[in-house]
Amino acid sequence: MENKYMNIPKEKFSFVQRGDKMHDEKFKTKSRGYFADAFLRFKKNKSSVVAACIIGFLVLFSIVSPIISPYTIKDKDKMYVNYAPYTEGFSDLGIGILDGGVIYQSYSENQLKYLEGIAQETGRDPLIKILDTFEEQEMKRGQIVTKTYHKIRVNKYFEKGIMYMVFSEAEYDDIIRFEQETGIRVIYPYVAPENLAADNLSKDKKDTLTRFYKDNLNPNLWYKVTDDKGTPALDADGNFIHAYHLNPKSTTIPGKEYTGIRVEGDDGTFIYSAQKGSALQCRIDYYSYYQYKNGHAPQYIFGTNNMGQDIFCAIGIGARFSLIFAICVSAINLTIGAIYGAIQGFYGGYVDLTMDRISDILSGVPSMITVSLFQLHLAQKVGVIPSFLFAFVLTGWIGMAALTRKQFYRFKSQEYIMAAKTLGASDWRLMFKHIFPNSLGTIVTSCVLVIPGVISSETTLTYLGIVNLQSFAGTSIGVLMSQGQTSMTTSPHAMFFPAMFVSLLLISFNLFGNGLRDAFNPSTRGVDD
Amino acid sequence: MKYMFKYATQRILLMLMTLLIISFMCFVLIRMLPPAPLEPGDPHTAVIEARRAAMGYNKPYLVQFGIFLRNIFTKWDWGISDKMYFGREVAAVFAEKLPASMIVNVYSIVLSIPIGIALGIWAALKKNTMTDHLISTLTMVVISVPSFVYAFLIQYFLSHKLGWFPFLMKGGTDFFTWEMFVSMLPPVMALSFGVIAGFTRGTRAELTEVLTSEFMLLARTKGLTKAQATIRHALKNCMVIIIPSIFGEFIGILSGSLIIEKIFGVPGVGSLYITSINGPDYPMFMMLTVFYTAIGLLSGIVVDISYGFIDPRIRMGSRK
């Protein structure tokens, strides 16, 4: 075996490569840069990708929602205050969402009749569903009376029903024109307090009732009632008896002639307006009036807050500010921190020590105090936003500077820096051309992680009312939440939607930032493969 | 120990210096503001003017600061409230508000630290299982969401829907009655979420690192069971990181949370701070500024120094 190769004749040998060139084999794969590599690793982290998508969606929402909302932030409807989410199409589907529904815990039979009255007159039934019926026993004049109560879900927009409103004659004519064009009835027959008392009551009682209803005008009563609780007087079939003001009797309240749509059963004797000085008072259906005024039915996808603003639009406006502000803060912090940290890390020694002391002292100031001091101080001179921004920047850059400093210490003693220095590169060039790009990944990542922090504290500060941004930005998520807080029990939606938005935003920003950090941090390379 | 002592002294002196500088900066900024305007015809005008003159309102800021410091060191006089608690000593008002903040915070820490550490240990032991993922994700979510969202959820569901707790904390100073305890639970819970999540995350991160280290393998090869090795070796090592942060947390109990105290009506330091800004009541604000700064600096020092006491291997200040 071994001998076989011992005596190979010389001529059997030949050169392998004399004449041709030796090359390394060319890579058949595509080369991949640092960022491409990081992106690839980022894509593997599913939760971060989802978070990035959610952030994209929320950003899109904040851009689009004020545009597609029929309202602006300045629209404040005094009538629809703290109303639940409602749109016209969805409420008809009866699936329990977007129907303006609120739950009333105990409603008596009498109050149900009242809702029925609204339904009959306006043709929109406020009662969505009776959830529960229970009986309660009460002592009344020494007797035990059993009363039935209902837990019901009511459409607040429909429950608003009829209102008294005063118009000029021009407006009145305009409304009538609207009625004739669209076929939507806005003005309803006039009811005066003296019409309400049922016919079979004694004169004394009638007078008392008239006086009572003059003081407690309830525009939704259009039927004869028997007492001051609004108990309807029913006819033989159990129907309401209307209490509309009739023309022949009218000597006291001459209104203007009405040419709009008349209610059923009107033989031309109902009057539709009453003269009040030079203006006309009418009973109008607020929902239809809203359509007349705005050209569309009320559409509050997220409901309204206690200022009567559309929350859908307001969240968008608030989020726009939060995001832009956070990005600005983070960019400024990055710039200052990078330069400061670069000088610290590059020169080291006493420069480093002195600068470190300064940042130490600054970092000892609690951020809450900085913000409030600047608010007290600068807000009047340079405006709320610059002083707010300044307060965030004052201590915000310290973290970034420490990070950059660490990276600089890591890289500055490496050979390639020495080589560059030997070739005569200036300090500035060494810092920002040779060292800084190495730490870019880490710094950008922490920049992303700064954003949720800024949004969170901005929200907190506006929530507490320490900073007032309303004049500049219109509103902010924190303001929306503190407005929602005041009426939390009756209209939780006003708190819920802003809270959900900001929570979702912060969670996804943190997830996204963590994903980025893992992707950019080479020490985790290969761990998951 | 000698190094420790030297290091501690150094740190404390440095902290006092920092505190002095920050206080001076804030002091000047506050004094630069025009003093709270007096209503014309206010019967106290003469008294207030005299008091302001005594505080050195017309003198240079450095002199004013000197007077401020002298009053504190000689008479513990932090000034007199000129708006909200008119005519009362700021320090006295502050001392009145401190207990409520402290008690709420103590309850919250006592409740949340054991839960947080236990969850962290559980997650670390079950690393990369469903349990771990669930706990880690929840922790992540809880840390991201701002605390007033929990406050809202607690108030809406527990106080409004279920009616278990009152909406606001009970007034008065009977801090150890049952009724008071129940009314304190909502703010305690709202504060606890964040602390629990923080400790869970910290413990989990630390323990997973320790569990994969080589001395654990050695302990197992010596014949210890997994439980023994974990309790005797891993937990001990991981506590080196955890315990200092507990100390830091305990310093923080003094400060109270602005937002939680406002929402739940806790009559504590946090709500005092908010009212002092909205007042504005400058002497009160100045005292609270110094207080918050001191708390922040102190907790940093306590954390750093306690490392040295807990783990003798960590020698700080012994570079030379």
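All chains are named by letter (A, B, ...) in the order of the sequence lines, taking the proteins before the strands, and each is independently numbered beginning at 1.
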If you take the centroid of each ring, where Trp contributes its six-membered ring, are [Y] and [X] closer together than 6.0 Å?
X      : Y      : answer
A/F388 : A/F374 : no
B/Y273 : B/F285 : yes
B/F152 : A/F496 : no
B/Y282 : B/F27  : no

Portion of [X] that has a non-hydrogen atom of chain A nearer than 4.5 angstrom:
X      : value
B/L14  : side chain
B/I274 : side chain
B/L29  : both
B/V149 : side chain

Heavy-atom nearest pair, B/M140 first then A/N510, reads CE-CB, 2.9 Å

Given the options B/I22, B/T18, B/V145, B/I21, which has more heavy-atom pairs under 4.5 Å with chain A than any of the others? B/I22

Sort out for me which of B/K262, B/M15, B/Q155 touches chain A most, counting heavy-atom pairs under 4.5 Å. B/Q155

Regarding B/R11 and B/D304, does a basic nitrogen lie under 4.0 Å from an acidic carboxylate oxygen? yes

Contacting region of [X] [heavy-atom separation from chain B under 4.5 Å]:
X      : answer
A/M368 : both
A/S457 : neither
A/Y463 : both
A/I455 : neither

Output the option from [options] having the highest count of non-hydrogen pairs under 4.5 Å with chain B.
options                        : value
A/I466, A/I369, A/D360         : A/I369
A/N514, A/L464, A/L506         : A/L464
A/V365, A/T460, A/T370         : A/T460
A/P492, A/S363, A/P452, A/S456 : A/P492

Less than 3.5 Å apart, any donor N or O on the side chain of A/N305 or A/Y83 sitting next to an acceptor on the other? no

Side chains of A/N82 and A/S487: is there a donor and an acceptor less than 3.5 Å apart? yes

Applying side chain to side chain donor-acceptor pair (under 3.5 Å), run through A/S47 and A/N45 and close with a yes or a no. CA-CA 6 Å; A/S47 62; A/N45 192 342; 3.2 Å; yes

